[in-house]
Amino acid sequence: MTFEVIRHQLPLFEEDGRAAATDDEHGRDLYYLPDLPEEDPYAAGHRTCAGCGPAIQYRWVLKAAGQDTVVAGPTGCMYVANSTYLCTPYTVPWAHTPIASGGSFTSGMAAGYEAMIRKGRYPGPYPNILVMAGDGSAADIGIGSISGALYRNHDALFVCYDNECYANTGIQTSPTTPYAGMTTFTPFGKAIPEGKKLPPKNLARMMAEGHPHCYVATTTVGYPVDLMNKTRKGLNHVGAAFLHCYTPCQKGWVYQTSMTVELGRRVVESGLFPVWEYDPQERTYHYFHPPVQRPVTDYLAMQGRFGHMLPEHVATTQVSANRNWEAIGMDVPKTLRDLEDPARHQRLHDEEYSMPLNRGVGA
Ligand SMILES: Cc1ncc(C[n+]2csc(CCOP(=O)(O)OP(=O)(O)O)c2C)c(N)n1
Ligand code: SF4
Ligand SMILES: [Mg+2]
């Protein structure tokens, strides 16, 4: 006898009609949070750094997913800091996977639950199945297993929490480390004054273009409602979904602990991390157009990992940001176009602002 596989449909949080929310002078809502579920599948009791972006993302994703969830975590900070012996923040089933096999392990869970429900060995409904992998895992060492799971279209959500480095082993460069981002493997010096020379891998775009039947989206910890709704959309989608979430790493990026969520806004407002959603039915991208467009220095100057940048490096970063504005269908204001000129940064540097002194990674 075969049993039917019943699936959840999680309701979305209200994004409009924010009764209690107020806007600042730029029209940005002030970190509005809707009425959230009381339950916390990722509760207090972990050992991440203060202000850890991945920990904020883990909490919000699991709040959105709810108690009927099983979650996997490949090796990385969010495995190590969350699984100290006899101490765990999870109130839902959780499993560690090797760093390379987050995708294959999760596809096994999805296939297993589906088979067990069909055979009547698990009562159902089909649980929310997800994996949250670091960028070192999802964009580098384990990208093959995630791509395979997406391609085979297993019914699960594959999340990359992107802190733009291999954090847990001491802040090494990863494919998503931005141009000029200093890490222990990309120190700046006379030979390579910018630190990292390569631009970051465009992970989410690769996943959307390469697996056009999947729901794919980007988000940041600066937009909690967006993050939680995209989590729910990914889980509601029958088949594979991929979510790329920008999550600052306080230790690796060297910034004020309280600025994690603000960085999640500024990276979008400076054009360095476009937020979008790919609809596999229509096969189209939907881009978020932020109400503010800032110079990249508003973002870079908050972080010690960029403190060594010279005017020409800042100008190169502004060129990339301006390309991103065009790619998402926004005009580039003249003020931002002017900042493509290194001489303009030199003047600004001398007259108006200074980048912070780099205190060194992990200082
Ligand atoms: C195959 C393999 N290579 C290297 C390691 C060592 N290692 C453990 S955690 C880690 C960092 C993972 O980085 P990321 O996935 O970005 O997660 P984060 O630590 O940044 O949270 C590495 C390289 C490993 N566990 N397995
Ligand atoms: S090193 Fe970074 S990612 Fe790891 S726990 Fe600390 S803040 Fe979080
Ligand atoms: Mg990482």
Side-chain angles (χ1 to χ4, degrees), residues 42 44-62 71-84 87-90 94-106 130-147 158-178 181-186 196 200-201 203-204 207 218 220-222 242-264 267 273 302-305 359-363:
Y42 180 77
H46 55 78
R47 293 176 49 170
T48 66
C49 307
C52 173
I56 295 173
Q57 185 229 267
Y58 257 57
R59 184 165 181 226
W60 288 345
V61 164
L62 288 177
V71 57
T75 319
C77 267
M78 296 306 285
Y79 155 55
V80 175
N82 289 320
S83 58
T84 317
C87 171
T88 172
Y90 300 106
W94 168 86
H96 166 241
T97 83
I99 195 167
S101 45
S104 43
F105 183 94
T106 307
L130 61 96
V131 60
M132 289 190 272
D135 47 301
S137 172
D140 206 6
I141 302 177
I143 192 171
S145 77
I146 292 187
S147 171
F158 301 81
V159 184
C160 173
Y161 72 88
D162 188 0
N163 56 10
E164 301 183 344
C165 61
Y166 282 91
N168 188 59
T169 34
I171 323 296
Q172 291 86 29
T173 188
S174 88
T176 58
T177 303
M182 191 183 109
T183 67
T184 50
F185 279 9
T186 52
K196 182 170 176 183
K201 186 183 277 189
L203 176 67
M207 293 310 200
T218 67
T220 87
V221 292
F242 183 79
L243 184 59
H244 182 192
C245 183
Y246 164 97
T247 53
C249 167
Q250 199 280 331
K251 180 183 171 202
W253 301 10
V254 192
Y255 63 87
Q256 271 185 30
T257 307
S258 57
M259 288 292 120
T260 304
V261 171
E262 179 65 21
L263 279 171
V267 73
F273 190 91
M302 292 172 75
Q303 302 165 64
R305 64 176 172 157
R359 285 171 285 135
V361 170

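No experiment lies behind these values; they were computed from the predicted model shown. For ligands, and for the atoms within them, numbers begin at 1 and follow the listed sequence. Any value given below was found using the heavy atoms of this structure, including those in side chains, with hydrogens, waters and symmetry copies removed.
Ranking the protein heavy atoms by distance from atom 7 (S) of ligand 2 puts Q250 N, 3.5 Å first. Of the protein's non-hydrogen atoms, the one nearest atom 11 (C) of ligand 1 is Y166 CD2, 3.4 Å. Here the heavy atom of the protein found nearest to atom 4 (Fe) of ligand 2 is C77 SG, 2.3 Å. Atom 8 (Fe) of ligand 2 has its closest protein heavy atom at C52 SG, 2.3 Å. Among protein heavy atoms, the minimum distance from atom 3 (N) of ligand 1 is reached at I141 CD1, 4.0 Å. Protein heavy atom nearest atom 3 (S) of ligand 2, with residue, atom name and distance: N163 ND2, 3.3 Å. The shortest contact between atom 24 (C) of ligand 1 and any protein heavy atom is with I99 CG2, 3.9 Å. Remark: minimum distance from atom 22 (C) of ligand 1 to any protein heavy atom is reached at T169 CG2, 3.6 Å. Remark: minimum distance from atom 8 (C) of ligand 1 to any protein heavy atom is reached at T75 CG2, 3.6 Å.
Residues Y255 and T260 form a side-chain contact, since some pair of their non-hydrogen atoms from C-beta on lies under 4.5 Å apart.
Looking at H96 and S83, their side chains never bring a donor and an acceptor atom within 3.5 Å of each other. Under 3.5 Å, the side chains of D135 and Y161 contain no donor-acceptor pair of N or O atoms. Between the side chains of T183 and Y166, no donor-acceptor pair is found at a separation under 3.5 Å. Neither side chain, S101 nor S104, offers a donor N or O lying under 3.5 Å from an acceptor on the other.
Counting all heavy atoms, side chain and backbone alike, A167 lies closest to N163 at CB-ND2, 3.5 Å. Across all non-hydrogen atoms, the minimal contact from Y79 to G73 is CB-O, 4.3 Å. Considering every non-hydrogen atom in both I171 and G252, the closest pair reads CD1-CA, 3.5 Å. Closest of all the heavy-atom pairs between A72 and T106 is CB-OG1, 4.0 Å.
Interface atoms of ligand 1 facing G134, defined by a heavy-atom separation under 4.0 Å, are 14 (P), 15 (O), 16 (O), 17 (O). Residue S137 has at least one heavy-atom neighbour below 4.0 Å for each of these atoms of ligand 1: 15 (O). If you number the atoms of ligand 1 from 1 as listed, the ones under 4.0 Å from a heavy atom of Y161 come out as 17 (O), 18 (P), 21 (O). Counting the atoms of ligand 1 from 1 in the order shown, those under 4.0 Å from a heavy atom of G136 are 14 (P), 15 (O), 16 (O). Within ligand 1, the atoms closer than 4.0 Å to a non-hydrogen atom of N163 are 18 (P), 20 (O), 21 (O), numbered from 1 in the order shown. Counting the atoms of ligand 2 from 1 in the order shown, those under 4.0 Å from a heavy atom of C49 are 1 (S), 5 (S), 6 (Fe), 7 (S). Taking every heavy atom of T48 and a limit of under 4.0 angstrom, the matching atoms of ligand 2 come to 5 (S).
Under 2.8 Å from the Mg ion (ligand 3) lies an N/O/S atom of C165, whether from backbone or side chain.
Checked by distance only, ligand 1 and C77 come closer than 3.5 Å through their nitrogen or oxygen atoms. Among the atoms of C165, some N or O lies under 3.5 angstrom from an N or O of ligand 1. Backbone and side-chain nitrogen or oxygen atoms of N168 are examined, and one is located within less than 3.5 angstrom of a nitrogen or oxygen of ligand 1.
Residues F158 and F242 keep their aromatic ring centres 6.0 Å or farther apart.
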Does the side-chain contact (heavy atoms from CB on, under 4.5 Å) test come out yes or no for K201 and I143, once each step is laid out? CA-CA 12 Å; K201 186 183 277 189; I143 192 171; 4.2 Å; yes
Yes or no on side-chain contact (heavy atoms from CB on, under 4.5 Å) for M78 and Y42, after CA distance, side-chain angles and deciding distance? CA-CA 11 Å; M78 296 306 285; Y42 180 77; 3.5 Å; yes
So K196 and F185, side-chain contact (heavy atoms from CB on, under 4.5 Å) or not? Walk me through it. CA-CA 9 Å; K196 182 170 176 183; F185 279 9; over 6 Å; no
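Between Y246 and F273, the ring planes lie tilted relative to each other; the angle falls in the 30° to 60° range.
In this structure, atom 5 (C) of ligand 1 is not in close contact with the protein, since no protein heavy atom lies within 4.0 Å of it.
The residue among G252, C249, A50 with a heavy atom at the shortest distance from atom 2 (Fe) of ligand 2 is C249.
Between the OD1 atom of D135 and the OD1 atom of N163, the angle centred on the Mg ion (ligand 3) amounts to 80° when rounded to 10°.
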